[in-house]
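Positions are given from 1 along the sequence.
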Amino acid sequence: MAIGVLALLGFQLVDSAFIARLGTAPLAAQSFTFPLSFLVIGIQVGMGIAIAALISRALGARETARARRLGSLVLLVGTVTIALLVLLLWAIQTPVFGLLGADEASRALIRDYWGPQLLAAWLGAVLYFGYSLFRAHGDTWLPGKMMVITSLLNLVLDPLLIFGVGPWEGLGLPGAAWATAIAFAIGLLLLAQRLRDKAWLAAEGLVGEMQRSLMPFIGIAGPAMISQLMPPLAAMLAISVVASLGEPQVAAWGLASRLETLSLMVVLAMTMSLPPWLGRCYGAGDWEQVHRLMRLALRVVVLWQLSLGVVMALASPWLALALSGNPEVQGDLAILIRFLLPSYAALGVCMIVVSAGNALGWPLRAMLMSGARLFVFYLPCLWLGAWLGELMGLAMGAAIGNLLAGLAAWQVLRRILASPRRQPSNAA
């Protein structure tokens, strides 16, 4: 999964690097779309968490027929839900991007980009639901391999569609979205072929299973979606703060956001691969294994992220030079990298605790932890830092917010692991 996440996030970073070659205005326009793109991702990940949790628990309890019915239901419901969401985001694009601080020139660039980007988001969501089904059954190899394949396809298509080749003129900014959409469509066809060979879906008993599983699904997916929707909301608020500093700062913030997700590849891989394992332990009542898994996961996250963050902070001038051709954007990006990257060790702790909470039947605790991370620690520190010291202060404030959130998550986890080993309620 780490290899797959690295490939997936790597192509997104390269995607932004290609767009940066078009100029600061297209890169800033793309940066304005990130919060709404994260909104789609947040809902799909929230549903994916519920998929993995319910199916892995059913498998842990040896309810194979129920696991097949759940697999069919979540694929159908997820596909329709994301389709309705992207249609809504297309309809409200003008007022939303205006509220985010995009001027008329940026909105003109976004208008051509947003349609194919939403198509890519829908295809990516359906692909993600398929990945969740494979992970719930213990197969992380195929999702990881498919992430690599789609990333390589996108990497090949990006320069062809953005800049053109030979006599064919490139599409510019929309070309990046079309490259992603085509790569995801090919990946979806390949995944469907593999899924046909598995006995993981059912065509009968779906209505009864929906009646039985609706409340457990909502009990996990509802808080998980809210947890996943909080980051896009926080991103909207954060980018509105950054927009007040200027267009180069928005462009630098967009590149830093891409670099953030890339640097968190191990944490993201663990948040996808750990919950099905924890879910099976939950279904079997094996709490000793739960404790061992959580302690190991936290050690890996802290050591990896802290080491990576320090190295990237030291290399920040060269990283900024590689990612942007604008000297002003390079300087701002180097500042963001220097302060933010080491703080992701604490952010990773919080992400693991939230992911485990959803898998182990504490979705409301996980949701509250997500809310506290963003709205009690991160955003207030970011805003205060920007007010006191512009971009430098903003970077320092965001780093302090991540550190405080990680410390709070660690305290919550210590209390959970020290509590009596009993089966928690889904509403706990």
Apply ring-ring contact (aromatic ring centres under 6.0 Å, His included) to F377 and list each qualifying residue two or more places apart in sequence or on a separate chain.
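Listed in chain order: nothing, the list is empty.
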
Sub-4.5 Å side-chain heavy-atom contact between [X] and [Y]:
| X | Y | answer |
| --- | --- | --- |
| L173 | D112 | no |
| R68 | L201 | no |
| Y344 | L306 | no |
| L278 | V290 | yes |
| R292 | L296 | no |
| W90 | Q93 | yes |
| L127 | T150 | yes |
| T180 | L123 | no |

Kindly check if the number of other-residue, nucleotide or ligand heavy atoms within 6.0 Å of CE (M369) is above 12?
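Check passes, neighbour count above 12.
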
W304 atom CH2, neighbour heavy-atom count above 12 within 6.0 Å
no

Point-to-point distance, once rounded to the nearest 0.5 Å, from [atom1] of [X] to [atom2] of [Y]:
| X | Y | atom1 | atom2 | result |
| --- | --- | --- | --- | --- |
| Q289 | W277 | CD | CH2 | 5.5 Å |
| L70 | E63 | CG | CD | 9.0 Å |
| F339 | L394 | CZ | CG | 11.0 Å |
| D139 | K145 | CG | NZ | 9.0 Å |
| T271 | L268 | OG1 | CG | 5.0 Å |
| L153 | I182 | CG | CD1 | 10.0 Å |

Name of the residue among I335, V242, L333, L336 meeting side chain to side chain contact (heavy atoms under 4.5 Å, CB included) with Q249
V242

Could you please spell out the steps behind the side-chain contact (heavy atoms from CB on, under 4.5 Å) verdict for M294 and I352?
CA-CA 8 Å; M294 289 305 302; I352 290 294; 3.8 Å; yes

Main-chain N/O of [Y] paired to [X] side chain as donor or acceptor, under 3.5 Å:
| X | Y | answer |
| --- | --- | --- |
| W253 | D332 | no |
| S370 | A366 | yes |
| S72 | A202 | yes |

Indicate the atoms forming the closest heavy-atom contact of [X] with [Y], along with that distance.
| X | Y | answer |
| --- | --- | --- |
| Q44 | A121 | OE1-O, 4.2 Å |
| A179 | N154 | C-OD1, 3.3 Å |
| A120 | F184 | O-CD1, 3.3 Å |
| I400 | C381 | CG2-SG, 4.2 Å |
| A29 | I110 | O-CG1, 3.6 Å |
| P159 | V156 | CD-O, 3.6 Å |

Go through it in stages, so that I can follow the logic: the residues are L347 and L403, the test is side-chain contact (heavy atoms from CB on, under 4.5 Å), and I'd like the CA-CA distance, side-chain angles, deciding distance and then a yes or no.
CA-CA 7 Å; L347 175 60; L403 178 60; over 6 Å; no

Let me see the working for F97 and W114 under ring pair (Phe, Tyr, Trp, His ring centres under 6.0 Å), right down to the final yes or no.
CA-CA 11 Å; F97 289 123; W114 195 227; 5.3 Å; yes

Output every pair passing ring pair (Phe, Tyr, Trp, His ring centres under 6.0 Å) with a member in residues 58-78, not counting sequence neighbours, ordered by first then second residue.
none

Assess the side chains of R135 and S132: does a donor N or O sit below 3.5 Å from an acceptor N or O?
yes

Relative to each other, are the rings of F134 and W200 parallel, tilted or perpendicular (30° and 60° limits)?
perpendicular

Kindly determine whether F129 and V74 satisfy side-chain contact (heavy atoms from CB on, under 4.5 Å), including the steps that lead there.
CA-CA 8 Å; F129 295 143; V74 294; over 6 Å; no

If you apply the rule side-chain contact (heavy atoms from CB on, under 4.5 Å), what do you find for V40 with W122, and how did you get there?
CA-CA 8 Å; V40 178; W122 178 73; over 6 Å; no

